[in-house]
Trainee: 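Have a look at the structure that comes next, please.
Heavy-atom basis, side chains included; hydrogens, waters and symmetry copies ignored. All ligand and atom numbering here is 1-based and tracks the order in the structure.
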Amino acid sequence: MKVVPSGGALGADIEGVDLARAGRDPAAVGAVRQALLDHLVIRVRDQDLTDPDLLAFAAGFGELDRAPISPYGNKPYLPDFPYLGVISNIVIDGVPQGSLGSGESQWHGDMTYKDDPPMACVLYALQVPEAGGDTGFANMYRAFDALPADLRAAVRGRSAKHDSSTNSAGQTRHGFKDAYDDPDDIPGAVHPLVREHPETGKAALFLGRRLNAHIIGMDKPDSDDLLDRLWAHATQPHLTWTQRWRAGDFLMWDNRAVLHRRDAIDPAQPRMMHRAQIRDAWPVKAAG
Ligand code: OGA
Ligand code: MN
C-alpha cells in the first residue's frame, strides 16, 4: 500500500489496495486510518465494490451511523441497506433516487447538528457526469492555525448552535419548519467553535454549516458578523483541495477536521454515489 499526498492543503491517494478485501483485514484498516488522520481525505481509485463491500469496509473503522434524513421522507433509499445512503440527481417517474439533487451544496460538516456527529464518511462513485459535481474539502486544522489574532481571540471559549433543520443543499428536511424567529428555537446541537481532534490532539475550527448557525451568548447581528468572518477565512482556496470524480473512485473524509462542498451538476447528466458514515468513538471536546 502506497500513500501519495495530493500536494494541496489536504488529501492523498492510496494505491495498491483492494477495498473489497481490506475491510476484513485489520492491518489494512489501520494503515488507511493512519493515512486518513495524516491527510484528512483519502482517495482510492478504480475500485469495484458491491454495497456489502462498501459497508464492510466502513464498518472496519467503527460502528456504522444512520444516513441523514432526506428532504423526501424518512425511509432509507435502499431498504435492504439502512446504513447505506444514496447521493444522486437521478429522478425516476418524479421520485428522487438519492439526496442533494443537481444543485450546488454549500460548505458543511456532516451531521454536526447532532451531539455525536460521525467521525468519517465514505462516498463511492458508481456513475459520474462528464463535468460538474466536483467536491471541495477545506482543512480545519490549517484554518485554525492561520486565524488572525482578532478572530482567534473572538472564538476563544465560544460555542455555536449547529442547525439541523436544513440540509447542505439548503432544503428543509422532512418534518422541520422553514424558518425560526428566535435563535433559541433553532433545532440542533451546541458545539465549541474550536475542537480538539480526539485522535491527533490537534485543534480544528468546527463550523458545521452557515445557514441558521448562531453563536451562543451573542445577539444575531454580532453572531452573524463573526460567523461570516470565520467562514470567509476558513474556506479560502489555499486551505482547500478539490476532488474531480471518476467512476470507481472511493473517497473517505475525516469529518472532525474538514468542511466540504459540491458543485452543481447538469440535471441531464446522471450522478450516482453510495455513501456510509461511521460513528465517532469519542465525544466532541473543546480545544484547551
Ligand atoms: C455528502 C456530501 C458531496 C457530493 O455525501 O455528505 O456532501 O459530492 N456529498 O455529493
Ligand atoms: Mn456532506
Trainee: H197 and D254: side-chain donor and acceptor closer than 3.5 Å?
Mentor: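 Side chains of H197 and D254: pair found under 3.5 Å.
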
Trainee: Among the N/O/S atoms of H260, which is closest to the Mn ion (ligand 2)? Give the atom name.
Mentor: NE2

Trainee: Using atom types as modelled and distance alone, determine if a side-chain donor or acceptor of S105 lies under 3.5 Å from a backbone N or O of A169.
Mentor: no

Trainee: With the Mn ion (ligand 2) as the point of reference, which N/O/S atom of H108 is the closest?
Mentor: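 Considering only N, O and S atoms, H108 comes nearest to the Mn ion (ligand 2) through NE2.
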
Trainee: Ring centres under 6.0 Å, that's the criterion: do Y124 and H274 meet it?
Mentor: no

Trainee: Can an N, O or S atom be found in C121 less than 2.8 Å away from the Mn ion (ligand 2)?
Mentor: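 Here the distance criterion (N, O or S atom, under 2.8 Å) is not met by C121, so no.
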
Trainee: If we ignore hydrogens and angles and just use 3.5 Å, is the side chain of D222 paired with the main-chain N or O of D219 as donor and acceptor?
Mentor: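 Answer holds: no.
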
Trainee: Measuring only between side-chain heavy atoms, which start at C-beta, is V32 closer than 4.5 Å to I14?
Mentor: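 Yes, close enough: below the 4.5 Å cut-off.
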
Trainee: Distance under 4.0 Å, heavy atoms only, partner ligand 1: which residues pass?
Mentor: I87, L100, H108, D110, L123, T135, W253, H260, R262, R271, R275

Trainee: Quiz question: by atom type and distance under 3.5 Å, do the side chains of H260 and D110 form a donor-acceptor pair?
Mentor: yes

Trainee: I'd like to know if the side chain of R195 and the backbone of A287 have a donor-acceptor N/O pair within less than 3.5 Å.
Mentor: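 The answer is no, because no donor-acceptor pair under 3.5 Å joins these two groups.
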
Trainee: Before we go on, tell me: are the rings of F61 and F57 under 6.0 Å apart, centre to centre?
Mentor: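 Yes, they do, as the ring centres are separated by less than 6.0 Å.
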
Trainee: If you consider just the N/O/S atoms, which atom of D110 is the closest one to the Mn ion (ligand 2)?
Mentor: OD1

